[in-house]
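First up is the structure itself, then whatever we jot down about it.
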Amino acid sequence: MVNMVVDASRLWVFRLATIWTFENIFHMQEQSIWYAVVVSNGIGAAMLFIAYRLGIWKKDIIKHKNVQPQGNL
C-alpha cells in the first residue's frame, strides 16, 4: 500500500510539478523532462526510505483470527 501511494505521488504530483517548474520558471524546454525524472525519483526514494525506517511497511493490512478446527472434515 505504501509503495503504491509513493509511486502514484511520484509520477502524478512530483514529476508534473517539477516539469511545470523547470519549464515555466527556468525555461529549460526539453531538458525539464529529464531533470524532472531525476528529481521525482529522488523524492520517491527518500519517501520510501523514510517509510522503511519508520517501519510502516510492517503493519498488517489483513487481520488474522485464531480459528480452532471443528471435528473431522
Side-chain angles (χ1 to χ4, degrees):
M1 178 75 173
V2 174
N3 194 23
M4 181 183 69
V5 171
V6 169
D7 278 346
S9 64
R10 176 180 61 91
L11 292 173
W12 293 105
V13 176
F14 300 120
R15 189 164 294 172
L16 290 178
T18 308
I19 288 173
W20 186 87
T21 302
F22 286 158
E23 178 63 31
N24 293 316
I25 295 176
F26 299 119
H27 306 290
M28 296 176 71
Q29 300 170 349
E30 294 87 10
Q31 291 178 338
S32 64
I33 294 172
W34 301 111
Y35 285 110
V37 169
V38 171
V39 169
S40 68
N41 285 344
I43 291 171
M47 290 172 62
L48 287 174
F49 180 74
I50 291 169
Y52 173 76
R53 295 295 290 173
L54 292 175
I56 294 172
W57 56 277
K58 294 180 187 178
K59 294 180 182 174
D60 289 337
I61 294 175
I62 300 173
K63 303 293 182 195
H64 298 283
K65 296 180 182 178
N66 288 334
V67 178
Q68 299 295 330
Q70 298 176 356
N72 296 332
L73 294 177

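A chain of hydrophobic side-chain contacts below 4.5 Å, direct or via other Ile, Leu, Val, Met, Phe, Trp or Tyr residues, connects Val13 to Ile50. Under the 4.5 Å side-chain heavy-atom criterion for grouping Ile, Leu, Val, Met, Phe, Trp and Tyr, Leu16 is not connected to Val5 through any hydrophobic cluster. Leu54 is connected to Met47 through a chain of hydrophobic side-chain contacts under 4.5 Å among Ile, Leu, Val, Met, Phe, Trp and Tyr, so both are in one cluster.
Residue Val2 comes nearest to Ala51 through the heavy atom pair CG1-CB, 3.8 Å, listed as atom of the first residue, atom of the second, then distance. Nearest heavy-atom pair, Ser40 versus Arg10, reported as atom, atom and distance to 0.1 Å: O-CG, 3.2 Å. Residues Ile19 and Ile33 approach most closely at CG1-CA, 4.3 Å, considering heavy atoms.
Checked against side-chain contact (heavy atoms from CB on, under 4.5 Å), Trp20 has the following partners two or more places apart in sequence or in another chain: Asn24, Ile25.
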**Request:** Could you check Arg15 against Asn41 for side chain to side chain contact (heavy atoms under 4.5 Å, CB included), going step by step and ending with a plain yes or no?
**Result:** CA-CA 8 Å; Arg15 189 164 294 172; Asn41 285 344; 3.1 Å; yes
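Interatomic distance, Gln31 CD to Glu23 CD, rounded to the nearest 0.5 Å: 10.5 Å. Going from atom CG of Leu48 over to atom CD1 of Ile56 covers 10.0 Å, rounded to the nearest 0.5 Å.
Using a distance-only test at 3.5 Å, with no hydrogens or angles considered, no donor-acceptor pair links the side chain of Ser32 to the main chain of Met28.
Here side chain to side chain donor-acceptor pair (under 3.5 Å) pairs that include residues 46-56, with residues two or more places apart or in two chains, number zero.
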